[in-house]
Amino acid sequence: MLGVKFLGKEKVDVIEYPDPEPGFREVVVRIKASALCRSDLNIYHDVNLDRKRKMNVIPGHEACGVVDILGDGISENEIKVGDRVAIYLGVGCGYCEYCRKGWYIFCSQRKILGFDINGGHAEFIKIPAENCLKIPEKISFIEGALSTDKFGGLYHAQKTLEVSGKDTVAIFGIGPMGQMAVLMAKALGAKVIAVDVVGSRLEFAEKEGADYIVNGKKKDVIYEINKLTNKVGADIAIDCSGNPIAQSNAIDCIKKEGSVAFIGESKVLQINPSKQFIRKQIKVIGSWYFPVWEYSEIVNLIISKNLNLEKWVTNKFKIEEAKKAYTLFDKYQAGITVFTM
Ligand SMILES: [Zn+2]
Ligand SMILES: [Zn+2]
């Protein structure tokens, strides 16, 4: 089968891999759509210390396809050849406290698709049956792929913060994750303020439903958000950028007793706990992904609100075009980018 291979710093190609064969309680899925994510670029840019190991793994952790082969030990009641499935990104031991709660990503033995084990940027993938998330006919393969990390991750964060129609939500960083955050907050009924420094991203967010946009390059973000909220501040802020200035602004733009979610991966942030946290009695959460059982809620939301996730896709590539896809995505010349097979 064909699959993406990292060859060195910012070098990527497509090579022939052996077709995967399922082991006990594993399935092989024929991939139909696999979305790129900025975290894929960590290996591409050579920033991981254990990069050598990860370079030998097929990337891609937001994938969707059709069950092609069943391994032993799987009953037809669980999953069948031909089932349409999105794929949960973490493989756990299945027995620990976290796996029992559906949080495979917190398992001490967890393996992450595209980083520790072969991921979705290929024609096929081998995964445990437990990682198959069945999708109904109404959800396309591209939507299935986007519904995992991007949309699903944002669902869990906003569910945790109880986002609803009573809230004004400020979303920082309108890249792929931020766009899904806008879509999610609107689906949950909130008023949305989209914040970024790239004009085209903000225009897109506005076109797709953001109530207000603030360009941090041109305006004082805190001043603008105060103005838009009658000097009260936003109820909730979500940072999808991972940029320290945006993260700090996310904390400062919310009202007293407000809440903040950090989604964008980042390393260091300097804060003033008394001024920014304690005296405002705010709540700050980190959010990465969702527990496996929550997927039915995610699917139900997409269907009941008639959300069109595909509308947000700017670039589709064949797997053979991996070099071009990575180059454009890396240089921010492509928005939400998906390999389709
Ligand atoms: Zn991702
Ligand atoms: Zn476990």
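Excluded from the calculations below are hydrogen atoms, water molecules and symmetry mates; all remaining heavy atoms, backbone and side chain alike, are included. Order of listing sets the numbers, starting from 1, for every ligand and every atom in it.
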Total protein N/O/S atoms whose distance from the Zn ion (ligand 2) is less than 2.8 Å: 4
For Ile254 and Ile282, the nearest pair of non-hydrogen atoms, with its separation, is CD1-CG2, 3.5 Å
May I ask you to check whether Phe290 and Tyr155 place their ring centres under 6.0 Å from each other? no
Look at atom CD of Glu162 and say whether more than 12 heavy atoms of other residues, nucleotides or ligands are closer to it than 6.0 Å. no
Tyr88 vs Tyr104 aromatic rings, parallel, tilted or perpendicular, using cut-offs 30° and 60°? perpendicular
Can you see whether Ser39 engages Glu265 through a side-chain donor-acceptor pair at a distance of less than 3.5 angstrom? no
Restricting to N/O/S atoms, is Asp40 within less than 2.8 Å of the Zn ion (ligand 1) or not? no
Return the name of the atom in Glu62, of element N, O or S, nearest to the Zn ion (ligand 1). OE2
Of all N/O/S atoms in His61, which lies nearest to the Zn ion (ligand 1)? NE2
Going by atom types alone, do Gln276 and Ser248 pair a side-chain donor with an acceptor below 3.5 Å? yes
Checking Lys5 against Asn56 for the side-chain contact (heavy atoms from CB on, under 4.5 Å) test, could you report, in this order, the C-alpha distance in whole Å, the side-chain angles of both residues, the deciding distance, and whether it holds? CA-CA 7 Å; Lys5 165 95 177 139; Asn56 289 322; 3.0 Å; yes
Validate the cation-pi geometry between Arg38 and Tyr44: distance from NZ or CZ to the six-membered ring centre under 6.0 Å, angle to the ring axis within 45°. no
Could you grab the angle centred on the Zn ion (ligand 1), going from OD2 in Asp149 to SG in Cys37, to 10°? 130°
